[in-house]
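Contents: one structure, followed by commentary.
By convention in this document, chain letters (A, B, ...) are assigned in the order of the sequence lines, proteins followed by strands, and residues within each chain are numbered from 1.
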Amino acid sequence: MSGLTNDTAANAAHEAVLIRAARQGDVEAFNALVLTYQTGIYNLAYRLTGDPDAAADAAQETFINAFRNLTQFHDGSFRAWLNRIATNACYDELRRRQRRPTVSLDDPTHEIRWASTAESPESAAQRAELNRAIQNCLSGLPDDQRTVVVLCDVQGFDYQEIAAITGQALGTVKSRLSRARGRLRDCLNAVRELLPDSHRSNQE
Amino acid sequence: MSRPFPPDANYPPDMPELEMLSAYLDNALPDAERRAVEQRLSTEPALRTALESLQRTVLVLKSAPLLAPPRDFTLNPAQYRRAARRPLRSAWLTAGMIGTAAALVLVALVAVQNLTSPGRANQAVVAALPTQHPTTVVLQATSLSTTTSVAETDNTLHPIAPVPVSTATAESAAKADQVVSPARSTTRASAALPSPLPSSPATVVAANVPQATSVPSVLLAPATAEASQAGNGGAASQTGPVNSAAGVSGPGSAQAAASSVPATAPPPTMLALQPTLTAATPVPAANKVAALRDFIRWLLTLLGLKGLS
């Protein structure tokens, strides 16, 4: 446990050094931060927009904005601050494309690559099916509900962080989250057969 | 078998229960409510099923496959290295430059006057300040106060007023590491200020115009070196002393330095004028104008108003 704590503290200290350097214009230091956070930011953007291209645009915009506005980041979670910029960038993308997020996974030109997960039991085909089912259901949500449930259950933020990221009240976060989960439960239930065995409901 | 819920117990009909279960899942319920839910869960199988269906949903989301980014989103250093400083180049930056320029021109005028009548140096300094002197000086002093207040009220940018000066200098000298942080500029400030000198008449100056001189009095210290050097015809870019001036006149450090300067050594800067000038060779009237012109030309170059890359 102490080893874990030391790692966490060391990582935080290292990140603070990078942020300080980046704030003074050190692009290479900022790029080190980009490499650390880009997978998470890209996945947030993908889950929010439902489109790999829109997600890439939003992710790039996120890091450009972050670098330019680093003087506005003072303390607290750098990751949460990045996610707030990313969430706003995704809303811009959604408005710009003027359509509800659709899953473009049927398009063969959009070949999705997976981040390496050593301990995934699923085959590539299963993973693609799971992803498609999940993203279909997410894209069917209203924007506000989708944002909250992705921030919570995909990105792992707590209620307070989500409230800060979205600028919503705590109560709003709670109710939107519960509605989103309820709708997702119904939607995923309908495609239950497509889900890998480990995700299917128990037959009681 | 009749149930309070529809046969498929995965669909609890009541939204309040959904919100309750959702918060319970996240450990976000107050203790009393959490205990109430646990009590119900132990006696209501349908509620248990509802909770489990929610849990499964969250688990599916947590196990959503992680996509690899299609490319790196790193920034091109050549394109973005200046972007960090670009926010500094805004309207108030220009005001800061003008104010700093005004302060330094004020120094030049004062220095030049002192060259002609060294004995009346202090009177000239007092006269040069807003109360009695011609319009130009009044305007310069006024813009100084304006600059200070503008720099203080601007809270979106890093509160270092003369970083623009450093930046201009840095860019003209092609040194990227000249952008000073507040900590470093303060250090330079304390290094740049001369040791305390006997107070006498300069105290009058400090007392008369506390507001307007709080910035220029500090600026005068390193700039004095410039005046005498300009008098000797040196108009090249002065990176060292300017950076001291830049570091010294940040609003935060200026206020601190200025408030400490009158306390400990009432403008030693003003007094530095005297010893420096009496030490310098008296300049004939004709060269005085040339010296002033050279000084202003150097100043304009410094501020990027003439052919700065």
Name the option with the most non-hydrogen atom pairs under 4.5 Å to chain A; the candidates are B/Leu25, B/Asp26, B/Leu54.
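Looking at each option in turn, the highest pair count goes to B/Asp26.
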Restricting to non-hydrogen atoms, name the atom on A/Ile134 and the atom on B/Pro65 that form the minimum distance, rounded to 0.1 Å.
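Minimum heavy-atom separation between A/Ile134 and B/Pro65: CD1-CD, 4.4 Å.
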How close do B/Leu75 and A/Phe67 get, counting heavy atoms only, and between which atoms?
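Closest heavy-atom pair between B/Leu75 and A/Phe67: CD1-CB, 3.5 Å.
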Part of [X] lying under 4.5 Å from any heavy atom of chain B:
{"X": "A/Leu70", "value": "neither"}
{"X": "A/Gln60", "value": "both"}
{"X": "A/Asp153", "value": "both"}

Between chain B and each of A/Leu184, A/Leu177, A/Ile64, count heavy-atom pairs under 4.5 Å; write down the option with the most.
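So the answer, after comparing A/Leu184, A/Leu177, A/Ile64, is A/Ile64.
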With chain B, which of A/Ala59, A/Cys152, A/Ala45, A/Ala55 has the greatest number of heavy-atom pairs at distances under 4.5 Å?
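Greatest number of close heavy-atom pairs with chain B: A/Ala59.
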Nearest 0.5 Å, please: how far is [atom2] in [Y] from [atom1] in [X]?
{"X": "B/Leu66", "Y": "A/Tyr42", "atom1": "CG", "atom2": "OH", "result": "11.0 Å"}
{"X": "A/Lys174", "Y": "B/Met20", "atom1": "NZ", "atom2": "CE", "result": "13.0 Å"}
{"X": "A/Gln155", "Y": "B/Lys62", "atom1": "CD", "atom2": "NZ", "result": "11.0 Å"}
{"X": "B/Leu67", "Y": "A/Thr39", "atom1": "CG", "atom2": "OG1", "result": "10.0 Å"}
{"X": "B/Asn76", "Y": "A/Asn31", "atom1": "CG", "atom2": "CG", "result": "9.0 Å"}

Test side-chain contact (heavy atoms from CB on, under 4.5 Å) applied to B/Val60 and A/Arg185, step by step:
CA-CA 10 Å; B/Val60 170; A/Arg185 176 203 55 209; over 6 Å; no
side-chain hydrogen bond (donor to acceptor under 3.5 Å, both in side chains) between A/Arg181 and B/Ser22, intermediate numbers included:
CA-CA 8 Å; A/Arg181 283 168 170 170; B/Ser22 179; 2.7 Å; yes
Report the relative orientation of the aromatic rings in A/Phe63 and B/Phe73; use parallel for angles under 30°, tilted for 30 to 60°, perpendicular for over 60°.
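Rings of A/Phe63 and B/Phe73: parallel, under 30°.
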Mind checking whether B/Leu61 and A/Val149 have side chains closer than 4.5 Å, heavy atoms only?
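They are in contact (side-chain heavy atoms under 4.5 Å apart), so the answer is yes.
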Mark yes when over 12 heavy atoms from residues, nucleotides or ligands other than B/Glu38 sit less than 6.0 Å from its CD; otherwise mark no.
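It does: B/Glu38 CD has more than 12 such atoms within range.
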